[in-house]
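Note sheet for the following structure.
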Amino acid sequence: MYKVVLVRHGESEWNRENRFTGWTDVDLTDKGVQEAIKAGHLLQDIPYEIDIAYTSVLKRAIKTLNYILDVNDLLWIPIRKSWKLNERHYGALQGLNKEETAKKYGAEQVMLWRRSYDVPPLQITADDDRYPPKDKRYGNLTKQEIPLGESLKDTIARVLPYWEAEIVPQIKAGKKVLVVAHGNSLRALMKVLENISEEDIVDLNIPTAVPILYELDDDLKPLNRHFLGSPERVQEKIDVVANPAKIME
Ligand code: 3PG
């Protein structure tokens with residue numbers, strides 16, 4: 001039986017402010033740091049050690065991974081970073097407050113932007129400060145790879161090849177893999193792993209810093225999926241992601 005653990009980063013500054021974040025490289029809040037440390041402790045409940053870890057090139061995920069590894073005295077293991085595990089690029093929505101955006105465009109439209117399978121957000125143009133090549137970490141992306149604003153479908157189109165080419169061979173070699181990424185890059189991965197329909201993916205919300213443990217069969221089909229931690233705490237955190245305005249209450 002193969003195993004893999006997925007974790008979304010802890011609360012970020014823009015989660016706290018309820019702003020669309022995407023590729024904006026915001027830091028963890030103090031609460032996010034505590035969540036990441038807690039995720040590290042939760043991982044001690046699983047009966048094996050992580051051999052290799054994957055994350056994005058965004059500091060909220062990288063730092064979350066480091067806290068998790070530190071708690072487990074595993075900072076020495078190999079870590080691979082790729083933009084392909086980044087949050088979906090939220091286009092021209094990046095920086096906007098989600099509640100104010102819902103007032104302006106309607107809650108239904110914002111729901112489509114946030115959770116639908118193939119509705120992309122408002123796009124940026126190449127003269128926008130948020131255009132990825134303006135940041136040197138994205139200097140080697142091809143023109144076709146540069147996102148201007150991604151739907152979940154677009155996100156899957158870059159997460160899945162990375163999963164298949166880089167992560168699956170490690171899992172098949174028997175390595176215990178940890179992936180620390182983002183709400184929507186993980187939704188992308190989980191949609192494919194669990195074969196979730198375009199309709200049902202709308203209801204999948206990923207809580208911050210809760211380890212998600214998968215056991216997979218020989219074809220990497222999930223035998224089970226388990227959120228670590230008390231079910232009440234996990235549900236509370238899922239509710240915050242589903243209704244982010246609650247964070248501000
Ligand atoms: C963001 O990029 O704003 C968040 O990380 C994910 O946001 P969402 O839950 O609104 O998709």
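Just so you know, ligand 1 is whichever comes first in the structure, and atom 1 is the first atom listed for that ligand. Keep in mind the model is a prediction, meaning the values are calculated, not measured. Residue numbers start at 1 and run along the sequence shown.
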Please report whether the ring centroid of W14 lies less than 6.0 Å from that of F20. no
Lys/Arg-Asp/Glu bridge criterion (N-O < 4.0 Å) met for E49, K176: no
Taking atom types as modelled and ignoring hydrogens, do the side chains of T208 and H9 form a donor-acceptor contact shorter than 3.5 angstrom? no
Got a salt bridge between E166 and K84, using NZ or NE/NH1/NH2 to carboxylate O under 4.0 Å? no
Any donor-acceptor pair under 3.5 Å linking the side-chain atoms of N86 with those of Y138? yes
Using ring centroids (six-membered ring only for Trp), state whether W113 and Y90 fall under 6.0 Å. no
Nitrogen or oxygen contacts under 3.5 Å, ligand 1 side and protein side:
residue  : atom   : partner : partner atom : Å
ligand 1 : 2 (O)  : T21     : N            : 3.4
ligand 1 : 2 (O)  : G22     : N            : 2.8
ligand 1 : 3 (O)  : T21     : N            : 2.8
ligand 1 : 3 (O)  : T21     : OG1          : 3.4
ligand 1 : 3 (O)  : K98     : NZ           : 3.1
ligand 1 : 5 (O)  : R8      : NH2          : 3.4
ligand 1 : 5 (O)  : E87     : OE2          : 2.9
ligand 1 : 7 (O)  : K98     : NZ           : 2.9
ligand 1 : 9 (O)  : R114    : NH2          : 3.1
ligand 1 : 9 (O)  : R115    : NH2          : 2.7
ligand 1 : 10 (O) : Y90     : OH           : 3.4
ligand 1 : 10 (O) : K98     : NZ           : 2.7
ligand 1 : 10 (O) : R114    : NE           : 2.5
ligand 1 : 10 (O) : R114    : NH2          : 3.3
ligand 1 : 11 (O) : Y90     : OH           : 2.7
ligand 1 : 11 (O) : R115    : NH1          : 2.9
ligand 1 : 11 (O) : N184    : ND2          : 2.8

